[in-house]
Amino acid sequence: MTQPVLDIRNLKVDFMTRRGVAHVLDDVSFTVAPGELLAIVGESGCGKSMTALSVLGLVPTPPGKVVGGSILFQGRDLAQLRRSDMRKIRGGDIAMIFQEPMTSLNPVFTCGEQIAEAVRLHQNVSPGAAHARAVEMLRAVGIPEPELRANAYPHQLSGGMRQRVMIAMALSCQPRLLIADEPTTALDVTVQAQIFSLLDELRHKTGTAIVLITHDMGAVAEMADKVAVMYAGRIIEQGPADAVLDSPGHPYTRGLLASIPRVYADPDADLPEIPGIVPALTDLGRGCAFEPRCPLAINACHAAQPRHVAMSANHSAACIRLKTGEVLA
Amino acid sequence: MYQRITKQLLYAVSLILAVLVLNFLLIQLAPGDPAEVIAGEMGGANAEVMAAIRAQYGLDKPLLTQLGLYLGHALQGDLGTSYFYNRPVVELILSRLGPTLLLVATALGFALIVGTRLGMLASRNPRGIASALVTVLSLIGYSAPVFWTGLMLVILFGATIPLFPIAGMIDVVKQGGPLVRALDIAHHLVLPALTLGLVYLAQYSRLTRASMLEVLGADYIRTARAKGVSERQVFNRHAFRNALLPVVTVAGMQFGAIISGAVLVETVFSWPGLGTLAFQSILARDYPTVLGILFFSTLIVIIANLLTDFVSRLLDPRLAGGR
């Protein structure tokens, strides 16, 4: 197996809140190989974005703090890096795109300036060369008339165009890893599909590994190599995309997959949903965090945090009901 | 673009005309008779002399005729003759305009530069000591009335630590070349500019602080950090330009207020500007001069607003409009 680009081991992030300490990330571990696409899925507030921000060292501190574990990027532990070293990695080896293309670009600089700035922060090139690189990147992400668009201000572009600019900026320094945090949430459906296929295409062309945070299970099924399902700050199931989508082990994953609207389903039938809401991270009990909402919960679920149970090669889920075989049946 | 400029100029001209008419009518409502004041200056007069004075200055004509004459002359660049100084008002005002503009520009520049810097400093750590200091200082700064600050500075620097001159613009006994003169004026400028600037400095520092704190939470700041921009550059490059916009807007709107503040400051420090002139002419019921000053301040405010518009467009491309 090739050396992973990103190897997160037992990552723990705490937030100090007025109501106590919230374990925003608890024992999160996963790896991403070069050129691989890992999708992180889960409800809002389960720790997906926080995982992304911790990789870049952008966890708001205070109130947040990385309290344990390691984030190995090409063998170096990012959690131990000095701020100046971390800054070289941000935007250079690891780039990120965000979910709000409408507000993620600075309104007072042209798109070209913003991309060129990223280039000049990480490569020792002249302003002219940086601008040329910006135009080249705009062309690579499929923006028509890139020379003109480089001089456009963000407000002169549509949301989809702006997200392309964000992607161009993120990829301008040929990162080894791209983190895309719900990159299509604010966009039209057709534009969403374009952005996803653009990401997929660029990944195959450049060999950049991608961590894709998304709600879009369709995109996951189409593009992802691996899937990690998060719930209440933990990864509760992970494995190859096919395995997780075809034979989900955790009741939460099953609920998540069941709640996707399907084209051929009975139009009159209610869409299945998972009852209840994600619990507050400040008052999690000792047991499984999903237990209050779980249709298969038994008394033993209260007792302790369930461990990951291997279901097949590289596919595991954290549910004690798996051991007894009842879930799989 | 040209269309917009033409439109704004037309708007400005009609505004100026309206101001001329309004000022003229307003001042007629003020109590007191200029002819009596002029006669008083001459050392008393009988009814015949009074009538002669009225005839000479056109005060015996009906109000509307007076207004028509005034407007007609004004359009030709003649704002009448000062009763008190016996000089054309335009000439009188132009001789006083320079010192006032110097004072106002220095005060405003000082307030803007120091105010925004302080505001940025405070926003760096919103709960830190620097932030608390800026908040307290700016609260004091804008609760203290201009004339009070002025008097306190006069006492402090005139009596206790005589570092700066407390009155006038030039030292009559000093002789020397243009450089010596400029330094002398700058030396005299310190206290009045400080007095006038402090109030606005206080406001701009608070405004900058609030504006920076808002901007720093924006998504594009997170983007800048994510692409590896240093904290310093995030502040100075990415956040500051965005945070400056409300400050510029407010500063532009306050230009009129700053000029009226200058009246007080000039009076306290005997600065030979429009403010002192306004004060004297009001006391002397020198209506043509008062009207002229009002007209010129209107002009200055309109120009300031046009400039503010222009600067805002430079700062924020979203305001420039068009693709």
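Protein chains get the first letters and strands the later ones, always in sequence-line order, with residue 1 at the start of each.
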Asker: Specify which of B:R225, B:Q233, B:H238 makes the most heavy-atom pairs with chain A at under 4.5 Å.
Answerer: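 Looking at each of B:R225, B:Q233, B:H238 in turn, B:H238 comes out on top.
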Asker: Which residues from residues 73-87 of chain A are near chain B, with near meaning under 4.5 Å between non-hydrogen atoms?
Answerer: A:R83, A:R87
Asker: For residues B:A226 and A:L56, report the shortest heavy-atom separation together with the two atoms involved.
Answerer: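 Heavy atoms of B:A226 and A:L56 come nearest at CB-CD1, 4.2 Å.
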Asker: CD1 of B:I129: more than 12 outside heavy atoms within 6.0 angstrom?
Answerer: no
Asker: Of all the residues in residues 100-122 of chain A, which have a heavy atom that comes within less than 4.5 Å of a heavy atom in chain B?
Answerer: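 So far as heavy atoms go, A:E100, A:T103, A:S104, A:L105, A:N106, A:P107, A:V108, A:F109, A:Q114, A:E117, A:A118, A:L121, A:H122 are the residues that approach chain B to under 4.5 Å.
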Asker: Excluding sequence neighbours, so at least two apart, what forms salt bridge (charged side-chain N to carboxylate O under 4.0 Å, His left out) with A:R203?
Answerer: A:D200, A:D225
Asker: Select all residues of residues 209-221 of chain B having any heavy atom within less than 4.5 Å of some heavy atom of chain A, and report them by number, or 'none'.
Answerer: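 The stretch touches chain A at B:D219, B:Y220.
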